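Okay, here's the structure, questions in a sec.
Letters A, B, ... mirror the listed sequences (proteins, then strands); counts begin at 1. From a predicted model like this one, the values you see are computed outputs, not experimental measurements.
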There are 2 protein chains.
Amino acid sequence: MQKAPDAEGSGLTQMVGPAERLWSSGKQTTLSASVIDQIRTVLFAGRLAPGDRLGSEASLALQFGVSRMTMRDALRSLQASGVIEVKVGIKGGIFVAEGNSERLAETIAIQLKLIGISTEELLDTQIAIEVMAAGLAASNATGADIKALHDALAEAERLVDDAEEFTWAAINFHGCVVAASHNRVLAAQFRALSHVLMPLYVRGSSPDVARRAVAFQRALIACIEAREPDAARNLVYGRLQFVKSRQLGDLAKGEAGD
Amino acid sequence: MQKAPDAEGSGLTQMVGPAERLWSSGKQTTLSASVIDQIRTVLFAGRLAPGDRLGSEASLALQFGVSRMTMRDALRSLQASGVIEVKVGIKGGIFVAEGNSERLAETIAIQLKLIGISTEELLDTQIAIEVMAAGLAASNATGADIKALHDALAEAERLVDDAEEFTWAAINFHGCVVAASHNRVLAAQFRALSHVLMPLYVRGSSPDVARRAVAFQRALIACIEAREPDAARNLVYGRLQFVKSRQLGDLAKGEAGD
DNA sequence: TCGATCCCTTTGATAAGATATTTAGGACAA
DNA sequence: TTGTCCTAAATATCTTATCAAAGGGATCGA
């Protein structure tokens, strides 16, 4: 870092003291890892807001006293973790990223796949998310939310005889419930889990199943419109526990070769 | 591994057909983004398992027909998203990553900070996770889990007069409950949320609060030992709703300047 | 005023080479 | 035979240098 005679004392590098250190492991082996660590620390010390410009690749490389390629390595990592955004062109450079819940959902989904989470673990988490969301929806849903729920229900009813299409409509309905909770964390987690669970649901569908699902949806809308969080929670919990046992039962049956 | 100059016909690149396409947006603007997309697609098509070796930087660059630096860019991104692991040395190279729930927790925490999630959203998600975890713990807890819970309780009781230390012990207790659920998704999400919520909890602590918390912990252990999932769920739900209202109340009071 | 063109900044990509790190395998001693 | 140390090879890491592409802004002409 000594190689930056005019870069010292200004910019990012000086702010790196022993701050919060949520993710900094302390001993960094590689140079780029150290740069990543420093930038993250600065960002989460709260001095920089989303949209702020950090500078250009080249100027940052100077400030940190590393070559442009090393800086690039670090920036690509930060970009992939969603910490920064990179823009080309004369007004381009490195910017603090706007939060992106779509990316959050994507990252969760990737990791879930890699970790090799069991179906039961996924379903249980789905239950946790949706039960809470249903309760919150009953408290927080706006008129627009309720209209969206009715629309989703109508669409699902229309498709009750087309197994695959119905599954998508049903998931959309559940998504509307989660959206009505007005909780972005729950929403992101729901999206991630849906990605992973989709194949399962599509497989287990049938017109008979679909009709039961529609009845459930109607009842849930009633709870939400009546502003009864506890009733909504219980309804969703009971319903999803049933869905879970059916899915796991099917799974066992399938594995038994029947 | 042949010197495929334009990378056609061998290795990874040929497997890239229009598969599942969960995350591939189709038109890629940059070369490295295209490489990232191709590798991700191949990985999630299921042909490769965690721990598999993809090759060295150089050989992959040859296979994809790009320069080593472009390949590096792509690899750094994939590494940051936890898709691959990179090892140095004679037996090193690029490997499919083992799932890493610690990384999952870290990524979730980063994104939560960036998105600027509200305290209420975080607390509600925490409630969702812990209620489900408590119910599962009552069903699944092993002898070792229950011993860990007792140990955590004893430690918390010991620290009841030291606000800061007690907060850590209490969070540890909650962590033990989540661990006893034997659900890794819930566990990762709990860790991520804990990172972000920690400062809040530390602030709102006092010996009086601590004694109520210990009483709750004792009751929860009883439910788990008695294998009563519903009782455990209700207990945790009631308790965390109380904690939430206290936190949000404190917040409002603080903001009002008193 | 409007539109096209040029120019400058910044990232994207390539190339060649030096350095650090890890591990396999051999050499040597007990 | 066994354990330890050393070397060599494979590999990522890092550096320097160069050119191409993209994107705004300014200039010039109609």
* Could you state the atom-to-atom distance from CZ of A:F64 to P of D:dT15 in whole Å? => 14 Å
* Would you indicate, yes or no, if C:dT9 has its OP1 or OP2 atom less than 4.0 angstrom from a side-chain nitrogen or oxygen of A:R53? => no
* Map A:D73 and A:K91 onto DNA chain D by nearest heavy atom, then report which one ends up closer to the 5' terminus. =>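 The answer here is A:D73.
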* Starting at CZ of A:R76 and ending at C1' of C:dA13, how long is that distance when rounded to a whole Å? -> 11 Å
* To do: With sequence neighbours excluded, give me every side chain to side chain donor-acceptor pair (under 3.5 Å) pair touching residues 82-93 of chain A.
  =>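 Non-adjacent pairs meeting side chain to side chain donor-acceptor pair (under 3.5 Å): zero.
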* To do: Of all the heavy-atom pairs spanning B:L159 and B:E165, show the shortest one and how long it is.
  =>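 Scanning both residues completely, I find the closest heavy atoms to be CD1-O, 3.9 Å.
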* What is the distance, rounded to the nearest whole Å, between atom CG of B:L75 and atom P of D:dA12? -> 9 Å
* Side chains of A:D145 and A:T142: is there a donor and an acceptor less than 3.5 Å apart? ->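 A donor-acceptor contact under 3.5 Å links the two side chains.
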* Return the value, rounded to whole Å, for the distance between atom CE of A:M69 and atom P of C:dT19. =>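 The answer, rounded to whole Å, is 19 Å.
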* Asked: Do any side-chain nitrogens or oxygens of A:R72 fall under 4.0 Å of OP1 or OP2 in C:dG12?
  -> yes
* Expressed in angstrom and rounded to an integer, what is the separation of A:L62 atom CG from D:dC14 atom P? -> 17 Å
* Answer yes if the side chains of A:Q63 and A:S59 hold a donor-acceptor pair under 3.5 Å, and no otherwise. =>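 No, because no side-chain N or O of A:Q63 sits under 3.5 Å from a partner of the opposite role on A:S59.
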* Asked: Under 4.0 Å between a side-chain N/O of A:S32 and OP1 or OP2 of D:dT13, yes or no?
  -> no
* Closest to the B:I90 side chain, choosing from C:dT14, C:dT11, C:dT22 -> C:dT22
* Side chains of A:E121 and A:S118: is there a donor and an acceptor less than 3.5 Å apart? -> yes
* Asked: For the pair made of CE in A:M71 and C1' in D:dA17, what is the distance, rounded to whole Å?
  -> 20 Å
* To do: Look at A:S56 and C:dT9 and indicate whether a side-chain polar atom (N or O) is within less than 4.0 Å of OP1 or OP2.
  => no
* Classify the nucleic acid contact of A:S67 as base, sugar-phosphate or nothing, counting any heavy atom under 4.0 Å across all strands shown. => base
* To do: Just call it for B:E57: base, sugar-phosphate, or nothing, with non-hydrogen atoms closer than 4.0 Å on any strand.
  =>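 Base, at least one base heavy atom under 4.0 Å.
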* Below 4.0 Å: OP1/OP2 of C:dT14 and any side-chain N or O of B:T70 ->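 For C:dT14, OP1 or OP2 has a side-chain N or O of B:T70 closer than 4.0 Å.
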* For the base of C:dG12, is there a side-chain donor-acceptor partner from A:R68 under 3.5 Å away? ->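 Indeed there is one.
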